[in-house]
Amino acid sequence: HHSSAFMREYRARRLRELRQSQGQATRSVVIRRIPASDYVAEVNKADSSLHVVLALVLQGVSTSDRLLTALQYLAADRKEPPRIKFLCMAARECIPNYPEANCPTVLVYKADELLGQYV
């Protein structure tokens, strides 16, 4: 199938680019894990020109791990200066008793407004 060949080629090219950029400190990308105590400062009081992407994850759960890997690719592709801040947090630390079935969840904020919730 033509589109799957394109995706294989695109993925191979992106992996090469990511491997090449791994040694460059200026391109090192980290999705910062934050504790609940930093939520207000990092999300609610974030620079209003930035989008904040917050992943609510469960430690050691494969779907959470895959989401973090996907977000790492997105974060690596961002422009400088960054206009998106990527964060992650233990789901139940953010929201007590958050259902495991809803993990991972991605919350997108800008200027303290929730723009989207993706479960």
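Note that the structure is a prediction, hence the values are computed from the model and not measured.
Val119 and Leu67 end up in different hydrophobic clusters when Ile, Leu, Val, Met, Phe, Trp and Tyr side chains are linked at under 4.5 Å. Ile34 and Val53 fall into different hydrophobic clusters, where Ile, Leu, Val, Met, Phe, Trp and Tyr are joined by side-chain heavy atoms under 4.5 Å apart, directly or via other members. Linking ILVMFWY side-chain heavy atoms closer than 4.5 Å, directly or via other members, places Leu115 and Val52 in two distinct hydrophobic clusters. Following chains of ILVMFWY side-chain contacts shorter than 4.5 Å, one cannot reach Leu58 starting from Ile95, and the two form parts of different hydrophobic clusters.
With sequence neighbours left out, Tyr118 forms a side-chain hydrogen bond (donor to acceptor under 3.5 Å, both in side chains) with no residue at all. Remark: Cys88 pairs with Ile31, Arg33, Ala55, Leu68 by the side-chain contact (heavy atoms from CB on, under 4.5 Å) rule, at least two apart or across chains. Asp112 is linked by a side-chain contact (heavy atoms from CB on, under 4.5 Å) to Asn44, counting only residues two or more places apart in sequence or in another chain. Arg66 pairs by the salt bridge (charged side-chain N to carboxylate O under 4.0 Å, His left out) definition with nothing, not counting sequence neighbours. Residues satisfying the side-chain hydrogen bond (donor to acceptor under 3.5 Å, both in side chains) test with Ser49, not counting sequence neighbours, are Asp47.
Within the model, atoms CG of Leu56 and CD of Gln117 stand 8.0 Å from one another, a figure rounded to the nearest 0.5 Å. We find the CZ-OH distance between Arg14 and Tyr73 to be 8.5 Å, quoted to the nearest 0.5 Å. Distance check: Arg32 CZ to Lys85 NZ gives 6.0 Å after rounding to the nearest 0.5 Å. A distance of 14.0 Å separates CZ of Arg11 from CZ of Phe6, quoted to the nearest 0.5 Å.
Panel note: side chain Thr69, backbone Asp65; a donor-acceptor pair is recorded below 3.5 Å.
Among residue pairs with one or both ends in residues 90-102, those qualifying as side-chain hydrogen bond (donor to acceptor under 3.5 Å, both in side chains) are Tyr98-Thr105; sequence neighbours excluded.
When all heavy atoms of Ser48 and Lys110 are compared, the pair lying nearest together is O-CE, 3.3 Å. Nearest heavy atom pair, residue Ile84 against residue Leu50, reads N-CD2, 4.1 Å. Here the closest heavy-atom approach between residue Pro104 and residue Val57 is recorded as CB-CG1, 4.3 Å. Between Tyr39 and Cys94, the closest heavy-atom pair is CE1-SG, 4.0 Å.
Between Leu87 and Val43, some side-chain heavy-atom pair lies under the 4.5 Å cut-off. Met89 is listed as a side-chain neighbour of Leu54, based on a closest heavy-atom distance under 4.5 Å.
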